[in-house]
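These notes are about the structure you will find just below.
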Number of protein chains: 2
Amino acid sequence: MVTKARPRTEGAFGAIADPTRRAILDLVRHREMSAGDIARRFPVSRPAIAKHMRVLRQAGLLRERREATSRYYTLDPSALQAVDQWLAPYRLFWAARLVDLKRVVEEEAKAKPKKGE
Amino acid sequence: MVTKARPRTEGAFGAIADPTRRAILDLVRHREMSAGDIARRFPVSRPAIAKHMRVLRQAGLLRERREATSRYYTLDPSALQAVDQWLAPYRLFWAARLVDLKRVVEEEAKAKPKKGE
DNA sequence: CATAATCGTAACCGTATGGTTACAAAAGCC
DNA sequence: GGCTTTTGTAACCATACGGTTACGATTATG
């Protein structure tokens, strides 16, 4: 039987699903870092980090610069816009919830007025 | 050897990693739907959808209302705020890219100094 | 040239994931 | 009480995931 064989870490959504990969992005977001510098910050082995880096790279989230034997990485955030855009309609929801809270507060203030305001 | 055994679909990030689950959220975001109504929209079996629903439920993304034998689901978007908040600093990146393209060009020039072009 | 340093990859391992089919529970209907 | 509808879950399967150790490629350095 032929089963579907598409990787589940493809794309930005899959890339940021793993907390280690999010932490890597949070690192290279601030400053350019070498692969070794990045790996040294995590409790797992360097090859494990290298695999995470490959996922991030294939998602288009990293820029690579080679110098000598080192590879320096910086963030390429553009692929994250897909997540941001998907999230946009949901942002309206909790914005509406704030409006709702505002209404509740106003009603309570009208029902039992506490102090001058 | 005891290996770590934490599920990778836990939390909002894992929940939205799967495209089917995102599509389910996009459905219940618009209107309340029964489990069957949801499942009917996808080319996979109903139990497969039921498992996705469980992941979404455990991530706190669904509200359930039972009526007769049916279960109606609506969105509870609050858990998505974690994603939104993690994304916030990155949003600044492409906002800056839109507002001040010149600065971005300078930063890139600093990052990888001039290959012939 | 030999050696060390840096980095990616291959091979392997145990668990999680996403799918299936089969079955059980609960409520409406004859 | 039986029967159907709706739903969730259990058991199972193939593959992806995240980790490890071993190894190879590349480059600077003595």
Side-chain angles (χ1 to χ4, degrees), chain A residues 1-25 27-28 32-74, chain B residues 1-25 27-28 32-59 61-74 112:
Chain A
M1 185 211 290
V2 180
T3 317
K4 311 286 179 60
R6 48 176 143 98
R8 295 189 270 260
T9 54
E10 251 182 14
F13 285 94
I16 68 171
D18 184 272
T20 301
R21 287 196 290 268
R22 288 199 299 278
I24 292 173
L25 292 180
L27 283 176
V28 299
E32 191 184 53
M33 292 180 70
S34 74
D37 285 343
I38 294 170
R40 242 168 262 121
R41 310 232 173 177
F42 295 92
V44 299
S45 71
R46 195 185 52 74
I49 298 299
K51 286 173 75 173
H52 284 306
M53 302 289 286
R54 176 161 55 175
V55 172
L56 293 171
R57 210 183 313 130
Q58 289 177 342
L61 287 166
L62 293 180
R63 292 167 192 270
E64 191 185 272
R65 180 176 67 89
R66 306 191 185 190
E67 183 181 312
T69 67
S70 296
R71 301 192 186 193
Y72 293 93
Y73 291 98
T74 51
Chain B
M1 184 217 288
V2 181
T3 318
K4 309 287 180 62
R6 52 181 139 99
R8 294 188 272 260
T9 53
E10 252 182 14
F13 285 95
I16 69 172
D18 184 272
T20 300
R21 286 195 289 267
R22 288 200 298 278
I24 292 174
L25 292 180
L27 283 176
V28 299
E32 190 184 53
M33 292 181 71
S34 75
D37 285 343
I38 295 170
R40 241 168 263 121
R41 311 231 174 179
F42 295 92
V44 299
S45 70
R46 196 186 51 73
I49 298 299
K51 286 174 73 173
H52 284 306
M53 302 289 287
R54 177 161 53 177
V55 171
L56 293 171
R57 210 181 314 131
Q58 290 176 343
L61 287 166
L62 293 180
R63 293 166 191 268
E64 192 185 271
R65 180 176 68 89
R66 305 191 185 190
E67 183 181 312
T69 68
S70 295
R71 301 191 186 192
Y72 293 92
Y73 290 97
T74 52
K112 43 175 177 181

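Naming: A, B, ... by sequence-line order, numbering from 1 per chain.
Contact annotation: the side chain of A:Leu61 never approaches that of A:Val55 to less than 4.5 Å [non-hydrogen atoms, C-beta and beyond]. For the pair A:Arg65 and A:Thr74, the minimum side-chain heavy-atom distance is 4.5 Å or more. Contact of the A:Tyr73 side chain with the A:Leu27 side chain is not registered, since no non-hydrogen atoms from C-beta on lie closer than 4.5 Å.
Put simply, CZ on B:Arg22 is 11 Å from P on C:dG18, counting in whole angstrom units. Summarising the geometry, the separation between OH on A:Tyr72 and C1' on C:dA5 is reported as 12 Å, rounded to the nearest angstrom. Atom-to-atom, CZ of B:Arg71 to P of D:dT7 comes out at 9 Å; the value is rounded to the nearest Å. Distance B:Arg66 CZ to D:dT7 P: 12 Å, rounded to the nearest Å. Distance CE (B:Met53) to P (D:dT7): 9 Å, rounded to an integer number of Å. Look at CD1 on B:Ile24: it is 13 Å from P on D:dT7, rounded to the nearest Å. One interatomic measurement links the two molecules: CD of B:Glu64 to P of D:dG8, which rounds to 7 Å at whole-angstrom precision. Distance B:Leu62 CG to D:dG8 P: 10 Å, rounded to the nearest Å.
The listed nucleotides are C:dG28, D:dT26, D:dT9; the one nearest the side chain of B:Arg57 is D:dT9. Comparing C:dG8, C:dT6, C:dA26 against the side chain of A:Arg46 picks out C:dG8 as the nearest. Nearest to the side-chain atoms of B:Val44 among the listed nucleotides D:dG8, C:dG19, D:dT20 stands C:dG19.
Across every non-hydrogen atom of A:Ala17 and A:Arg22, the tightest pair is O-NH1, 3.3 Å. B:Leu56 and B:Ala15 make their closest contact through CD2-CB, 4.1 Å (heavy atoms, listed as atom of the first residue, atom of the second, distance).
Within the nucleic acid shown, B:Ala50 comes within 4.0 Å of at least one base atom, counting heavy atoms only. Heavy atoms of B:Phe42 sit nowhere under 4.0 angstrom from any nucleic acid atom. B:Arg21 comes within 4.0 angstrom of sugar-phosphate atoms only, judged by non-hydrogen atoms across all strands, and of no base. Among the atoms of the strands shown, base atoms are found under 4.0 Å from some heavy atom of B:Ala48. Contact annotation for B:Tyr73: backbone-only contact, meaning every heavy-atom pair under 4.0 Å involves sugar-phosphate atoms and none involves a base.
A:Arg54 contributes no side-chain N or O that forms a donor-acceptor pair with the base of C:dG8 under 3.5 Å. Scanning atom types as modelled, one donor and one acceptor separated by under 3.5 angstrom connect the side chain of A:Lys51 and the base of D:dG19. You won't find any donor-acceptor pair under 3.5 Å spanning the side chain of B:Arg8 and the base of D:dG18, going by distance alone.
Panel note: side chain B:Arg21, backbone B:Gly14; a donor-acceptor pair is recorded below 3.5 Å.
Two residues, B:Pro47 and A:Pro43, neighbour DNA chain D, and the one matched to the more 5' nucleotide by heavy-atom proximity is B:Pro47.
Put simply, B:His52 has no side-chain N or O that comes within less than 4.0 Å of OP1 or OP2 on C:dT17. Checking the phosphate oxygens (OP1, OP2) of C:dC7, a side-chain nitrogen or oxygen of A:Ser34 falls inside 4.0 Å. For the OP1/OP2 pair of D:dT27 and a distance below 4.0 Å, the side-chain nitrogens and oxygens of A:Ser70 include no atom meeting the criterion. Residue B:Thr69 places none of its side-chain N or O atoms closer than 4.0 Å to OP1 or OP2 of D:dT5.
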